[in-house]
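Everything below concerns the one structure shown next.
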Protein chains: 2
Amino acid sequence: MMRTRPLKVALLGCGVVGSEVARIMTTHADDLAARIGAPVELAGVAVRRPSKVREGIPQELITTDATALVKRGDIDVVVEVIGGIEPARTLITTAFEHGASVVSANKALLAQEGQSLYAAAEQHGQDLYYEAAVAGAIPLIRPLRESLAGDKVNRVLGIVNGTTNFILDRMDTSGAGYSEALDEASALGYAEADPTADVEGFDAAAKAAILAGIAFHTRVRLDDVYREGMTEVTAADFASAKRMGCTIKLLAICERAADGGSVTARVHPAMIPLSHPLASVRGAYNAVFVEADAAGQLMFYGPGAGGSPTASAVLGDLVAVCRNRLNDATGPGESAYTQLPVSPMGDVVTRYHISLDVADKPGVLAQVATVFAEHGVSIDTVRQQGKDGEASLVVVTHRAPDAALSGTVEALRQLDTVRGVASIMRVEGE
Amino acid sequence: MMRTRPLKVALLGCGVVGSEVARIMTTHADDLAARIGAPVELAGVAVRRPSKVREGIPQELITTDATALVKRGDIDVVVEVIGGIEPARTLITTAFEHGASVVSANKALLAQEGQSLYAAAEQHGQDLYYEAAVAGAIPLIRPLRESLAGDKVNRVLGIVNGTTNFILDRMDTSGAGYSEALDEASALGYAEADPTADVEGFDAAAKAAILAGIAFHTRVRLDDVYREGMTEVTAADFASAKRMGCTIKLLAICERAADGGSVTARVHPAMIPLSHPLASVRGAYNAVFVEADAAGQLMFYGPGAGGSPTASAVLGDLVAVCRNRLNDATGPGESAYTQLPVSPMGDVVTRYHISLDVADKPGVLAQVATVFAEHGVSIDTVRQQGKDGEASLVVVTHRAPDAALSGTVEALRQLDTVRGVASIMRVEGE
């Protein structure tokens, strides 16, 4: 049975994503109505530049006063695709106060202010959905929040930034250096003019915070996420990775500690075996690998960004929120009941691949091995390569705490025979 | 806020999946209660053999009278993991009539009787969830029904049977023949004593019917699904596939016709390029590739069967249904509003790889090419190989309707110079 009074949607932001949301709402209005059980109507669009021509959006819907729009009182759902912390945060809170539910694609805001936004939604009996905030069109938030609600997730390992995956994929396949691959990504529109948020891992860290909180039913703040960018990954690192049967990806990794009493969340480049499903994720695609007690190993793959894919996720949420509204119900809210603390990076246990430049003389390996042993880091393999009085030493360790590895590296730097630490990279996914 | 009166769950069937559902309900009771907002209690377990020892399940919960259990009137959710059509269908309908919602893992029943079960659920205001019916633990039904509810799905391409994927993977990697690979699958417990349902594609066809109905918001009956098993795939087919840069998978393919006016659903072995994400799905794993207008290409990967993975999917549904119940709401019901008809296999348009045994004399290729041309099937490549008066001809076509290809093959068989049609295989995923 179809309700005839339409549900009213306010759109905040009309850029790449917002314009696509508006377009699909218009062109697929009948499908959306059939799936929701009531028509949905675009009731207003808040923009910064009202004079810009926006095809398909009636001029009378355009406003520059986003606050007045969310305060109208007749809005059922506010779709926020502005990004950034303010004014998005205040607008979302105001929307809740005025009886609207919210669909957001704002990863930075959710990572930083998720807790207070959830609380505001709950206080006012409204929904807060944000599938589009992590990995674009890939259904990820809903599977973690709902499909795996009866399972225990132990690990989330994801390629959640398309720009950096494109760059690393180019370095891997063409042998290009970082700068060259970045230039190519920029030329093709995969990297922004200022790529800092992507290449330094800030974007992935926000997603890691969101994923860890949902996966482990706890609160993980952006500050809790350890972060290393991928600007220092070299062609030599890729050559080393290949020798180990690995490639290099920028990973967001959320883990439950072995004793179950804490969690960790981190973003850094890592070597992963070519046989791992994440290794074959090419170009700007994203993929997230999930390990759960009962489900085993799952992977979700797809485009992680772009106007259309992000709009697909926004519209899926819009349909769900509208259905909830017709049911006089709300979907699952924040689930942070485990209150598991977040451990620092020093507690993370993993394997390491370390390249050292050393003097090419007898006894160096013995010295280096002693330093590892003194710090309780057990060595798996060593490869030595010498030329002209200089040599390189590549050490791959067994699993060890990150703090022990840091101590080892610090001590190695003090050795006269160690000229430099060329690279340190974690080895994951084994 | 936690409700203290527990939600009561009746479990129908206590085999590999059911016992795992019961185990997790007991060992993870606190987590489930926190995620649902109320405790869940196992109120009864219907089994065929009551004397069997079932660790962790109190004897007083065991009953052989499933009908009495679902009629009790105090049951909130019935979990049906018996399988098969009857008595599962009658028990589920009876459960709805007595005020219970249902979580089912029964693909055969959903594929054959989905429409009447949905109608019964709606009539009595109850939920019918069945994530576990397709591809085990892989979240697939929920992403299609909910995450992609604002998008237009055009194609679903899936490896949805673990037994056959294991066999084909072995044939691919070891060069084994079908029988040898089947024996290995049986020895490792991946194939049942009677593997017919798997190797002849019946299991995959049931899943294809369910997926097509959900993806295209229409009704697809099991009889609507074209089905070919994989027992006739040979080592020679794999060799041919390799020469084309392909491998062979048993695929369930659901497509919207190019004009949008109809859909098709089919199960058969097919060659797919090694670069396609489905090509690297190994062993008994499942994966489903989805193409949607806005989202682009998505893939969902994981274990497609087994007690624990299937239990994970059942419990995810159980949590969702319990939450709905506390909200006095129901989740999305059947969505078949498009009423798109299902076209016959003859209308499917795809490419073909055909191996012919022919006489090794001049003019054969011209004869063969003429037959293809007369049927409107355009040839992409031909490879000829001759030895001792016999020769083989491998033809790969451009895209053509299946009916045209069938007509071509029929006519080829009439040629004196064609000794036999060694194999016909579709080429997908390009």
Side-chain angles (χ1 to χ4, degrees), chain A residues 20 24-25 28 31-32 34-36 131 136-139 142-143 146-152 217 275 277 280-282 285 287 289-290 292-303 306-309 311-320 323-324 327-332 335 337-338, chain B residues 20 24-25 28 31-32 34-36 131 136-139 142-143 146-152 217 275 277 280-282 285 287 289-290 292-303 306-309 311-320 323-324 327-332 335 337-338:
Chain A
E20 189 63 10
I24 297 175
M25 280 186 66
H28 290 56
D31 282 313
L32 292 172
R35 296 173 192 184
I36 290 167
E131 182 67 76
I138 309 175
R142 185 172 278 104
E146 304 183 36
S147 305
L148 291 167
D151 207 332
K152 186 180 174 192
H217 298 267
S275 58
S280 50
V281 175
R282 297 281 169 219
Y285 273 84
F289 196 76
V290 176
D293 257 5
Q297 302 186 321
L298 304 171
M299 189 172 78
F300 305 83
Y301 165 98
S308 288
S312 171
V314 166
L315 286 160
D317 278 353
L318 180 64
V319 170
R323 281 174 177 166
N324 289 344
N327 271 329
D328 274 325
T330 51
S335 176
Y337 71 93
T338 63
Chain B
E20 188 63 10
I24 297 174
M25 279 185 66
H28 290 55
D31 283 314
L32 291 172
R35 295 173 193 185
I36 291 167
E131 181 67 76
I138 310 175
R142 185 171 279 105
E146 304 182 37
S147 305
L148 291 167
D151 207 332
K152 186 181 176 191
H217 299 267
S275 58
S280 50
V281 175
R282 296 282 170 217
Y285 272 84
F289 195 76
V290 176
D293 257 5
Q297 302 186 321
L298 304 172
M299 190 173 78
F300 304 82
Y301 165 97
S308 289
S312 171
V314 166
L315 286 161
D317 278 354
L318 180 64
V319 169
R323 280 173 177 165
N324 290 344
N327 270 330
D328 273 325
T330 52
S335 176
Y337 71 93
T338 64

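We use all heavy atoms of the structure for the numbers below, so side chains are in, but hydrogens, waters and symmetry mates are not. Order of the sequence lines sets the chain letters (A, B, ...), proteins ahead of strands, with each chain counted from 1.
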Please classify the contact of A:Leu318 with chain B as side chain, backbone, both or neither, using a heavy-atom distance under 4.5 Å.
neither
So which part of A:Tyr337 gets closer than 4.5 Å to some heavy atom of chain B, the side chain, the backbone, both or neither?
side chain
For B:Ser335 against A:Arg35, the heavy-atom pair lying closest together:
OG-CG, 4.5 Å
A:Val319 and B:Ala149: which non-hydrogen atoms are nearest, and at how many Å?
CG1-CB, 3.6 Å
Let me see the working for A:Asp31 and B:His217 under side-chain contact (heavy atoms from CB on, under 4.5 Å), right down to the final yes or no.
CA-CA 10 Å; A:Asp31 282 313; B:His217 299 267; over 6 Å; no
Partner chain B: residue of [options] with the largest heavy-atom pair count (under 4.5 Å):
options: A:Ser280, A:Pro139, A:Pro143, A:Gly136; answer: A:Pro139
options: A:Ala311, A:Ala320, A:Pro332; answer: A:Pro332
options: A:Ile24, A:Val314, A:Asp328, A:Thr330; answer: A:Thr330
options: A:Ser308, A:Gly316, A:Ala294; answer: A:Ala294
options: A:Ser275, A:Ser312, A:Gly302, A:Ala137; answer: A:Ser312

Determine whether B:Pro303 and A:Leu298 make a side-chain contact, defined as any pair of heavy atoms from C-beta on separated by less than 4.5 Å.
yes
